[in-house]
Each structure stands twice: as C-alpha cells, then as structure tokens.
Amino acid sequence: MGDWMTVTDRGLSSESKSISQYTSEIKMSPSSLYSQQVLCSSIPLSKNVHSFFSAFCTEDNIEQSVSYLDQELTTFGFPSLYEESKGKETKRELNIVAVLNCMNELLVLQRKNLLAQENVETQNLKLGSDMDHLQSCYSKLKEQLETSRREMIGLQERDRQLQCKNRNLHQLLKNEKDEVQKLQNIIASRATQYNHDMKRKEREYNKLKERLHQLVMNKKDKKIAMDILNYVGRADGKRGSWRTGKTEARNEDEMYKILLNDYEYRQKQILMENAELKKVLQQMKKEMISLLSPQKKKPRERVDDSTGTVISDVEEDAGELSRESMWDLSCETVREQLTNSIRKQWRILKSHVEKLDNQVSKVHLEGFNDEDVISRQDHEQETEKLELEIQQCKEMIKTQQQLLQQLATACDDDTTSLLRDCYLLEEKERLKEEWSLFKEQKKNFERERRSFTEAAIRLGLERKAFEEERASWLKQQFLNMTTFDHQNSENVKLFSAFSGSSDRDNLTVHSRQPQKKPHSVSNGSPVCMSKLTKSLPASPSTSDFCQTRSCVSEHSSINVLNITPEEIKPNQVGGECTNQKWCVASRPGSQEGCYSGCSLTYTNSHVEKDDLP
Amino acid sequence: MNFSEAFKLSSLLCKFSPDGKYLASCVQYRLVVRDVNTLQILQLYTCLDQIQHIEWSADSLFILCAMYKRGLVQVWSLEQPEWHCKIDEGSAGLVASCWSPDGRHILNTTEFHLRITVWSLCTKSVSYIKYPKACLQGITFTRDGRYMALAERRDCKDYVSIFVCSDWQLLRHFDTDTQDLTGIEWAPNGCVLAVWDTCLEYKILLYSLDGRLLSAYSAYEWSLGIKSVAWSPSSQFLAVGSYDGKVRILNHVTWKMITEFGHPATINNPKTVVYKEAQKSPQLGLGCLSFPPPGAGAGPLPSSESKYEIASVPVSLQTLKPVTDRANPKIGIGMLAFSPDSYFLATRNDNTPNAVWVWDIQKLRLFAVLEQLSPVRTFQWDPQQPRLAICTGGSRLYLWSPAGCMSVQVPGEGDFAVLSLCWHLSGDSMALLSKDHVCLCFLETEAVVSTACRQLGGHT
C-alpha cells in the first residue's frame with residue numbers, strides 16, 4: 001500500500017488527499033453519503049474520473065488499480081471487490097460479481113445523480129427568474145417610494161405655506177381687530193367729544209335763548225296780543241276753576257283712577273284669556289280621558305303595571321277635579337295637580353300614538369307590498385286586454401279602409417264625393433222620414449176623398465129621390481089645387497109636417513154642435529127650435545113658401561146651410577166646406593170642418609129619408 | 001267710484017272737520033269751508049296773509065289758520081261767521097300752532113323753541129311753558145284729551161312733562177334716559193308714553209302715565225336707530241321701524257319684541273301675494289317697439305293704462321342704492337301705519353320706495369306687497385275697515401284691501417297728480433290733494449267695492 005502511494009503523481013496525490021478528506025468526513029455521517037457526493041462534487045468528479053480513467057488502468061497496473069478501486073469502494077461503503085480471504089497469506093481474488101454489482105450500483109447512482117442535477121438546474125432557473133421578478137418589483141417599489149416621498153415633501157411644503165398664510169391672516173385679523181378697537185375708541189372718543197361739544201354749544205345756545213327770551217319778554221312788545229271779538233264758553237260748559245292744592249290732588253286722583261282702570265281692564269282681559277285657556281285645557285283633558293278610557297283595558301294588560309296605576313290615578317284625579325270643580329281656583333296645589341295629571345295623560349297618549357304609528361307604518365309597508373303585487377298583475381292583465389282591443393280596432397279600421405277603397409273603386413266618383421255621400425246620408429235619412437210622413441198624410445187624404453166621393457154618390461142618389469118626391473108632391477099639389485078648401489087645411493097640415501121636418505133638420509144642425517159642446521145637445525135643441533120657429537113664420541104666405549121650397553129644391557144643400565150660418569157662427573167653416581165639397585181635399589187644415597159638413601149632409605139626407613113615407 | 005270736480009287749493013291745506021260734516025281748504029289767504037255732502041261753500045274767510053297751516057278744533061266749531069311768516073294765528077268760528085280772533089306772537093315769532101283737545105286753547109310755539117304760549121279763548125289768561133324741545137314730535141295729547149306730554153330740554157338733559165289739559169297744571173315731570181330725544185307718542189289708551197331717542201342710537205323707552213319707567217328696549221348699537229314708531233289702535237303693539245330696514249313689534253305685557261319684520265329685496269314666500277303695477281300703453285301696436293323703452297321713462301305716462309298683476313315668487317323689488325355719506329340716508333322704515341282694526345300693518349322701506357308692505361298682525365307674517373311704478377308718497381288706512389289708499393304723485397289712486405287691489409285714474413282735464421290724500425272718517429270718501437287742486441273721491445258701498453276688488457283679484 002505504501003508503494004502505491006508513492007507511485008501516484010503529485011496531482012493525483014492532492015486529489016486523493018481531498019478524497020480522503022471526504023471519506024473521513026463521510027465516515028462521520030454515512031447516512032448522508034450520496035447526497036453529499038452529489039451536491040458537492042458531481043460535475044468536477046465526473047470529469048476527473050474520466051481523465052483519471054483514461055490514464056488510470058494499464059496492463060501493468062491492473063492489480064493496483066483494482067486494489068485501489070476496492071479501497072475506494074469500500075470507503076464509499078460498497079462491498080469489497082475481493083472475495084473473502086480464507087487465510088492471511090493467500091492472495092485475495094477479484095470477485096467479478098461484486099464488481100459488476102458495484103458497477104451497476106454506480107451506474108444507477110450516476111443516473112440518479114444526473115436526474116437530481118437536472119432538477120436542480122431547473123430549480124435554479126426558476127429561482128433565477130423569481131429573483132429577476134423580485135428585483136423588478138423591488139425597483140418599482142423603490143420608484144413608488146421615491147414618488148410618494150416627493151409628494152409628501154410637496155404636501156409638507158404646501159402645508160407650511162398654508163400655515164404661513166394662516167399665520168399672516170391671523171396677524172391681519174388681529175390687526176383688523178386692533179383697528180376696529182382703535183376705531184371704536186376713536187368713535188367713542190369722538191362721541192364723547194361730540195357730546196361734550198354739543199353740550200357746550202347747547203349751553204351757549206341755552207344762554208342765548210335765555211337772553212333772547214328775556215329780551216323778548218322784557219321789551220314791552222305790544223304786538224304780542226290776542227285780539228278777540230268775545231270770549232267763548234268752555235266746551236264742557238263749566239267755568240274755569242282756580243288752581244289750588246285741591247285741584248292738584250284731584251288731578252292726581254284722576255290720573256291714578258285712569259291708571260287703575262287701565263290695569264283693571266287689562267286684568268280682566270287676562271282673566272278672560274285665562275278662563276278661555278282653562279276651558280280649552282279642561283276640554284282637552286276630558287277628551288284625553290275619553291280617548292284613553294276605551295282602550296285602557298287592553299293596554300293595561302299589555303303595558304306594565306306602572307302605567308296602569310297611572311291611568312287609574314288619572315281617572316281618580318279627574319273624578320276629583322270634576323267633583324270639586326276646582327277650575328276656578330288658581331292656587332298653587334291645584335295647578336300642580338292639574339299640570340301633573342295632564343302631563344301624565346299626555347305621556348300615555350304620546351306613547352300610545354307612537355305605538356300606533358309604528359303599527360301603522362308596519363302595516364302600511366306590508367300592505368304596500370301586497371298592493372304593489374296585485375296592482376302589477378292587474379295592470380298587466382289590463383294592458384293585455386287593452387292591447388287586444390287595440391289590435392281588434394286596428395283590424396277593423398283596416399277592413400273598413402279596404403271596404404272604403406273598394407267602394408271608391410266601384411263607384412267612378414272619387415273619394416271626395418263618397419265622403420260627401422257620407423255626409424248626405426244623414427240628410428237622406430231625414431228626407432226619408434219626411435217622405436213617410438208625407439205618405440201617411442197622403443193616405444189620410446185619400447181616405448177622406450173616398451168618404452167624400454161616397455157621400456157625394458149618396459147625395460146624388462138622395463137628390464134623385466128627392467126630385468122624384470118633389471115631382472110627386474108637385475103633382476099632388478097640382479091635383480089638390482083644384483079643391484081649394486081642402487087645400488088650406490092640407491097646407492096647414494103640410495106646414496106643420498114641414499115644421500116638424502125642419503125641426504128635425506134643426507136637430508141635425510145641432511147634432512153638429514157636440515163637436516164643440518157635446519153635453520149641451522139636449523139643452524140647446526129646444527132653444528134653437530124656438531128660434532127656428534120664429535124665423536120660419538117670416539114666410540107665411542104660400543107663394544113665398546113655394547118659392548123657398550123651390551129654392552130648397554134647387555140648392556137643397558145650400559139652403560139648409562143658409563140657416564145654419566146665422567144660427568151657429570162657429571161652424572161657418574163647415575158651411576163653406578160643404579159648399580166646396582170637391583176641392584176640400586187640398587186643405588188639410590179644415591179637415592174637421594169638412595167632416596162636420598159631411599156629417600151634416602149625411603144626417604140631412606137621413607132626415608128626409610125618414611120623412612119620405 | 002265717483003269724483004267731484006277739482007277745487008283750487010294751495011300748499012296742500014285741506015282738512016275734514018272732526019265730525020265729518022265740513023271740508024276746509026285754503027286758497028292763498030282765503031279759507032273755504034264746504035259741506036262734505038253737497039260741496040257747497042258754507043263759509044269763506046279771508047286771512048291777513050297766505051295761510052301756512054290750518055287745524056280744526058276737536059268740536060269742529062273753530063278753525064285756526066297759522067301764518068308763520070307773520071307770526072300770526074287767526075281763528076274762525078263756523079257758527080258765528082262774524083266772530084274773529086287774531087293772535088299775534090310779535091317778535092317772538094311762530095313755528096308751530098295747534099289746538100288743545102278741548103278746542104278752547106291754542107298752543108303756539110315760538111321761534112327757536114323759546115317757549116310755548118297757551119292762549120285761551122275762554123278767558124284772558126295766557127300761560128307759558130318754557131324749554132320745549134325742538135324735535136320731530138315734541139307734543140302729544142292723549143286720545144281722550146285729558147293729558148298732554150311735552151318733551152323738554154334743560155341743562156343738556158331731556159325731560160318729559162305731563163300736563164293736565166283742563167287747567168294746564170303740571171302733573172308729572174321726569175327726565176328720560178335719552179341722548180337726544182326725538183319723539184314722544186301716547187298709546188291710544190292714554191296710559192303709556194313711548195319715548196324714542198335720536199337716530200344715532202336705537203333706544204325706545206316706555207313710561208307710565210305717572211312717570212314710571214316701564215321698560216326700555218334697544219335692538220342694537222353702533223348703527224343708525226329708530227326712524228318711525230306707531231302704536232296699534234288697540235294699544236297692544238308698538239311697531240318700531242328702524243334704519244336697518246326692519247320693523248320690530250313690541251307687546252304691551254312684557255314690552256319685549258314679539259317679532260321682527262325684515263324687508264328683503266326679494267320675496268320668496270309663496271304665501272305672500274305680490275301685486276305689481278303694470279303699465280300698458282294702448283297706442284302701442286303689435287311689433288311696434290316702444291321708444292324710449294318702458295322703465296327708462298321717468299314715470300307712467302298719463303295716457304297709458306295701469307293695472308295690477310300678481311307676480312309669481314320669487315320677486316325682486318326695485319331698490320335704491322342709498323348714499324350713506326349724507327345725512328338722512330334713504331334707508332330704513334320711514335312710514336308705518338296700523339289698520340284701524342289692528343289686523344294689518346302697512347310699511348314702506350325707504351330704499352325700496354316703490355313698494356308698500358302689508359303685514360298680517362294676527363299671523364305675524366308678510367301678507368302682501370304692492371310694487372308701484374313710481375315711489376309711494378303717502379298711504380293711509382280707511383278709518384272704518386282694512387282698506388289702504390296709496391298715492392304715488394301720479395294721476396292714480398291705488399286701493400288695497402285683503403280681497404285685492406285696484407288702481408283708479410283720477411278723471412278730469414290735465415293730469416291730477418295726487419300728492420297726498422286724507423280719508424273722511426266715515427270711510428266713504430276721501431280728499432285727493434294735488435299741488436293746487438283738491439278733489440273728493442266717493443267710494444261705493446262696501447259690498448260693491450269688495451266684489452269689484454274680488455273680481456279684479458280673480459282677473460289678475
């Protein structure tokens with residue numbers, strides 16, 4: 001061993017030295033062997049190893065190198081490369097298996113080391129970048145710090161300036177104050193001086209006045225006088241009284257009287273005011289009690305005992321007060337009681353009102369929300385409905401427009417005329433109404449006309465009959481004329497008959513009257529009869545009578561009516577109508593008359609028919 | 001509203017008799033007495049010189065005419081036209097003359113306020129009162145005519161003397177704590193005397209009839225003080241107008257301030273009704289520019305119409321910039337008047353000369369503001385109801401009542417510039433005074449006017 005050591009060159013020895021050092025250290029802590037190795041000498045060792053290997057083993061020094069390796073490996077904790085020697089003398093044999101194992105282990109170790117190295121490198125990189133980042137951060141922060149520092153300095157500067165200003169202002173204020181003080185002093189001094197001067201001047205003035213007064217008074221000024229025609233009486237009619245001590249006392253008395261009166265008046269007023277206020281207070285108290293009493297039972301349960309007793313106290317107080325009617329008294333104790341009770345009640349009322357307020361506000365809030373929700377729903381529904389309606393309306397409008405357009409195209413008239421038509425529609429309607437009215441009238445007229453024609457036909461028939469009758473009558477008369485004695489009596493008889501017929505006639509005339517006064521038919525008829533009988537004797541002679549008869553025959557209808565106008569004037573219209581029977585239809589206004597006329601002729605014919613037998 | 005014809009007048013001397021039956025007016029040296037209803041001349045008196053002052057006696061039987069220049073006073077009787085009385089103050093001179101409340105004594109103040117001479121018409125007696133103070137309002141009589149308070153100055157101190165008017169006996173004499181007393185005024189109930197100091201100091205003192213100091217009030221110091229003072233007819237309130245543009249109302253129980261009414265240049269309260277007199281010239285057509293522009297002109301043109309418009313708040317009023325380095329600056333409350341029922345107070349701030357402020361005393365707030373086109377000369381309350389008549393020196397009469405406001409053109413040829421006015425005590429008519437004419441204005445009955453006012457208020 002010692003030989004080997006000498007053989008190794010210097011560089012190597014130093015190496016080995018270091019290695020030995022390591023080994024010694026490692027031996028101290030075998031557990032951390034690998035890590036130590038890896039950490040401290042991974043790269044340089046590998047290099048060394050390589051260079052070492054290049055010149056390490058030669059043909060000559062295999063033995064040495066093996067032993068060296070063995071030694072090295074054993075120091076590193078590997079199993080020995082040699083087999084266990086059985087004896088001392090025997091040379092130790094190289095154990096290939098162990099060598100290979102060692103190699104393998106070394107390789108594994110190498111790989112591990114490499115991996116670790118890689119890891120370390122990446123970590124290193126990471127750390128480097130972190131470092132960079134931190135450095136940049138640091139520089140940034142440094143900058144910030146710098147700027148804020150600068151700002152701070154600026155602010156401090158400003159603060160200083162402001163303080164300076166403030167100080168200046170303070171100074172100024174102080175100066176101003178001083179100035180004010182000074183001015184006030186000046187004013188005061190001036191005022192005193194002025195007053196003083198004034199006083200002096202006034203004194204002088206007074207002196208002058210005095211002097212003037214004396215001068216004016218002393219000089220026997222004749223001019224100062226009153227020129228009066230005659231003295232007048234005093235306003236109160238009394239004579240002036242001498243000034244004496246008595247009058248003075250009286251004046252004093254009066255003055256005090258006036259003052260007293262004034263004070264009394266004021267006291268009265270104050271009393272009145274007091275009474276009013278008391279009344280108001282009493283009323284308020286009563287109202288409070290009445291307000292508090294109905295709900296007192298509830299609060300008493302809820303509210304703690306103290307307030308309950310207060311209420312009862314109050315009630316007692318109230319009772320007492322009302323009983324004693326101490327409102328008119330104004331002594332201290334009563335006032336105190338009163339104010340205390342009122343205060344208590346007021347407090348209760350206040351708390352109650354506050355409570356109510358709270359409740360109300362709560363309820364209000366809740367109610368508000370509910371209402372809000374409901375109203376919104378309603379609102380939405382309503383809006384939906386409305387929108388739908390709008391849609392419908394729009395559609396309707398559209399269709400109407402279309403229709404209108406169609407209409408416009410259908411008619412060759414332009415839309416304006418169509419519009420005018422629209423406007424005319426109303427008028428048309430009105431015209432239609434008028435038309436219907438007119439039609440109705442026409443119908444009425446037609447009916448009338450028909451009745452007239454019927455009546456006319458009947459009249460014609462009657463006339464014919466009458467003619468025949470007349471003919472027969474004339475013939476008879478002619479025949480009777482021969483026997484004159486008979487004739488007279490006959491005549492009388494006939495006359496009476498005629499009068500009867502005329503009587504009937506008259507009746508018919510009166511039958512028209514019911515149109516005016518339907519109740520007076522029975523009453524009126526005898527009067528008229530007598531009138532007629534009176535008028536008839538105007539034609540007593542037969543010849544005359546004949547003439548009248550002929551007249552009747554000729555204008556039978558008229559003749560009858562010739563009497564009527566005189567008798568019944570109001571029905572003149574009717575008479576005229578019968579005269580112009582055929583043209584009546586054109587006058588609807590006189591319908592009534594026409595009808596009456598009609599009925600007249602009608603009845604007339606009837607009468608004569610009756611007479612016929 | 002009817003107007004009488006205009007009668008001649010000189011130096012605004014026209015007065016209704018206290019009983020309301022007669023109207024006395026002066027034309028140069030002639031005194032004319034007319035019947036109020038018929039306006040017929042009842043008496044015509046001729047004085048010795050131009051009349052400078054007239055005053056009716058309280059019983060409406062006598063009229064005094066003062067001719068200050070000649071130191072003369074002439075008294076005329078209405079019952080006996082031939083009766084005459086002439087008082088000559090001689091070399092002492094005359095600066096003021098007034099009746100005592102009994103109507104049988106005349107108080108003449110001589111020149112330099114040397115003395116007051118009391119002349120009696122009943123007896124030959126003449127009394128003198130020395131040391132009267134030369135101040136704005138130095139003599140005041142109680143409403144019932146029993147007492148007279150007189151401001152005096154002796155030995156540079158102010159005194160007040162209270163005399164019994166019936167026999168001119170001195171009742172009380174006391175010094176007042178004032179620098180330079182300026183005015184005294186009895187309360188309407190005749191029990192409290194208000195005494196106020198010069199405008200250099202805000203101080204008002206209240207004395208009882210027996211000379212006790214009831215209270216003293218000072219609102220501030222070091223500034224111009226009281227400018228005007230008015231008692232309410234109920235004696236409950238004392239309104240004090242001062243140079244700071246405020247009215248302070250004192251109560252009659254504690255004599256402390258109840259409230260103060262400021263007179264700001266802008267009115268913001270929407271409860272206040274602001275009536276603005278608007279002028280419309282009928283000859284101006286559409287698109288026709290008025291030249292010079294309205295507002296630049298000196299006053300309302302006589303031909304133009306004017307009416308009230310209700311301005312919507314905020315309203316800024318026309319203000320004058322007062323010249324403060326002159327004596328008697330135009331600032332502060334110069335005029336104050338309570339309505340006869342004490343419900344309203346009318347004021348005028350002298351640096352807003354066009355505006356009349358009407359305050360509601362019941363609610364203690366501003367009730368209405370009337371802004372005229374030209375400075376307000378005078379205003380006076382109707383003695384019977386809350387109705388305020390205002391004149392501005394133009395040819396219009398302005399009336400305010402709680403129901404509304406109206407302006408009336410005074411008819412007649414030419415321009416009747418109303419410089420002053422005075423109500424008849426019945427409130428049915430008033431005399432409008434111009435520089436050399438007087439005309440009576442008869443108002444309709446209350447109902448008609450109020451409805452008219454309401455209509456006007458509704459229209460505007």
Side-chain angles (χ1 to χ4, degrees), chain A residues 183-184 187-188 191 194-196 198-203 205-206 208-217 219-236 238-244 247-248 250-252 254-263 265-266 269-270, chain B residues 57-59 61-62 71 75 77 80 82-93 102-104 106 110 112-115 117 119-126 128 130-131 144 146-147 153-156 162 164 166-169 171-172 179-180 189-192 200 208-210 222 252-253:
Chain A
L183 284 172
Q184 268 183 351
I187 287 175
Y194 165 80
N195 282 341
H196 190 73
M198 274 299 285
K199 258 177 198 168
R200 214 183 63 222
K201 288 262 167 66
E202 206 176 326
R203 263 190 211 116
Y205 174 66
N206 279 346
L208 282 171
K209 250 166 103 172
E210 201 70 18
R211 177 122 182 80
L212 183 69
H213 193 236
Q214 274 175 359
L215 279 173
V216 166
M217 292 306 285
K219 201 173 77 183
K220 283 291 169 191
D221 196 348
K222 289 285 175 206
K223 275 174 81 185
I224 300 182
M226 185 166 76
D227 168 27
I228 189 162
L229 187 73
N230 60 294
Y231 291 106
V232 291
R234 293 174 76 91
D236 51 6
K238 285 183 209 158
R239 294 183 62 184
S241 52
W242 293 104
R243 277 190 210 173
T244 55
T247 55
E248 212 167 296
R250 207 187 59 219
N251 283 336
E252 286 272 310
E254 253 174 44
M255 182 195 78
Y256 282 121
K257 224 181 259 171
I258 286 172
L259 277 178
L260 259 176
N261 279 341
D262 180 53
Y263 281 122
Y265 172 70
R266 270 162 74 171
Q269 273 192 328
I270 286 169
Chain B
S57 67
D59 51 8
L61 293 175
F62 301 98
V75 187
S77 164
Q80 299 168 271
E82 70 280 2
W83 186 87
H84 60 84
C85 171
K86 187 183 85 179
I87 300 166
D88 194 339
E89 285 290 342
S91 50
D102 64 354
R104 296 294 180 271
I106 291 166
T110 61
F112 306 111
H113 286 79
L114 280 180
R115 64 176 187 217
T117 325
W119 300 89
S120 171
L121 299 186
C122 309
T123 59
K124 274 185 182 177
S125 70
V126 180
Y128 297 104
K130 271 183 87 180
Y131 313 112
D144 58 2
R146 269 180 209 259
Y147 302 104
R153 183 84 173 172
R154 304 179 189 190
D155 306 324
C156 309
I162 295 171
V164 182
S166 57
D167 52 6
W168 302 107
Q169 199 162 34
L171 186 72
R172 282 288 183 275
Q179 284 281 317
D180 180 15
N189 64 5
C191 291
V192 183
L200 295 177
S208 168
L209 177 62
D210 55 355
W222 306 117
H252 76 308
V253 180

Value rounded to 0.5 Å, distance of CD1 in A:Ile258 from CG in B:Leu209: 6.0 Å
field: side-chain contact (heavy atoms from CB on, under 4.5 Å) assessment of B:Gln169 paired with A:Arg250
entry: CA-CA 11 Å; B:Gln169 199 162 34; A:Arg250 207 187 59 219; over 6 Å; no
message: For B:Asp167 and A:Asn251: C-alpha separation, side-chain torsions, deciding distance, then whether side-chain contact (heavy atoms from CB on, under 4.5 Å) applies.
response: CA-CA 10 Å; B:Asp167 52 6; A:Asn251 283 336; 3.6 Å; yes
- line: Closest non-hydrogen contact found for A:Lys209 with B:Phe112 is CE-O, 3.2 Å
query: Between B:Val164 and A:Thr247, is any pair of side-chain heavy atoms under 4.5 Å apart?
result: no
message: Heavy-atom pairs under 4.5 Å with chain A - which of B:Ser120, B:Cys191, B:Ser77 has more of them than the others?
response: B:Cys191
query: Which distance, rounded to the nearest 0.5 Å, do you find between the NE2 of A:His213 and the NZ of B:Lys130?
result: 5.5 Å
message: With a 4.5 angstrom heavy-atom cut-off, is it the side chain or the backbone of B:Asp155 that approaches chain A, or both, or neither?
response: backbone
message: Would you say that A:Glu210 contacts B:Tyr131 through its side chain, given a criterion of any heavy-atom pair below 4.5 Å between the two side chains?
response: yes
message: I need the A:Leu212 CG to B:Thr110 OG1 distance, nearest 0.5 Å.
response: 8.0 Å
- prompt: What closest approach, in Å, do B:Asp210 and A:Tyr256 show between heavy atoms, and which atom pair accounts for it?
  reply: OD2-CE2, 3.9 Å
task: Could I get the full list of salt bridge (Lys or Arg N to Asp or Glu O under 4.0 Å) partners for B:Arg153, not counting sequence neighbours?
output: A:Glu202, B:Asp158
- request: Would you check if B:Asn189 and A:Tyr265 make a side-chain contact, meaning some heavy-atom pair closer than 4.5 Å?
  value: no
field: Per-residue contact mode, A:Ile187 against chain B (heavy atom under 4.5 angstrom)
entry: side chain
message: Could you report the tightest heavy-atom contact between B:Phe62 and A:Val232, atom names first, then the distance?
response: CZ-CG1, 3.9 Å
query: At what distance, to the nearest 0.5 angstrom, does SG of B:Cys156 lie from CG of A:Asn206?
result: 6.0 Å
- request: With sequence neighbours excluded, tell me which residues meet salt bridge (Lys or Arg N to Asp or Glu O under 4.0 Å) with B:Asp144.
  value: B:Arg146
field: Residues, nucleotides or ligands: over 12 heavy atoms within 6.0 Å of B:Tyr128 OH
entry: yes
- request: Would you mind checking which part of A:Asn195 comes under 4.5 Å of any heavy atom in chain B, side chain (CB onward), backbone (N, CA, C, O), both or neither?
  value: side chain
field: Interchain contact, B:Trp119 with chain A, by part (heavy-atom threshold 4.5 Å)
entry: side chain
field: B:Ser125 OG to A:Tyr231 OH distance, which is reported to the nearest 0.5 Å
entry: 8.5 Å
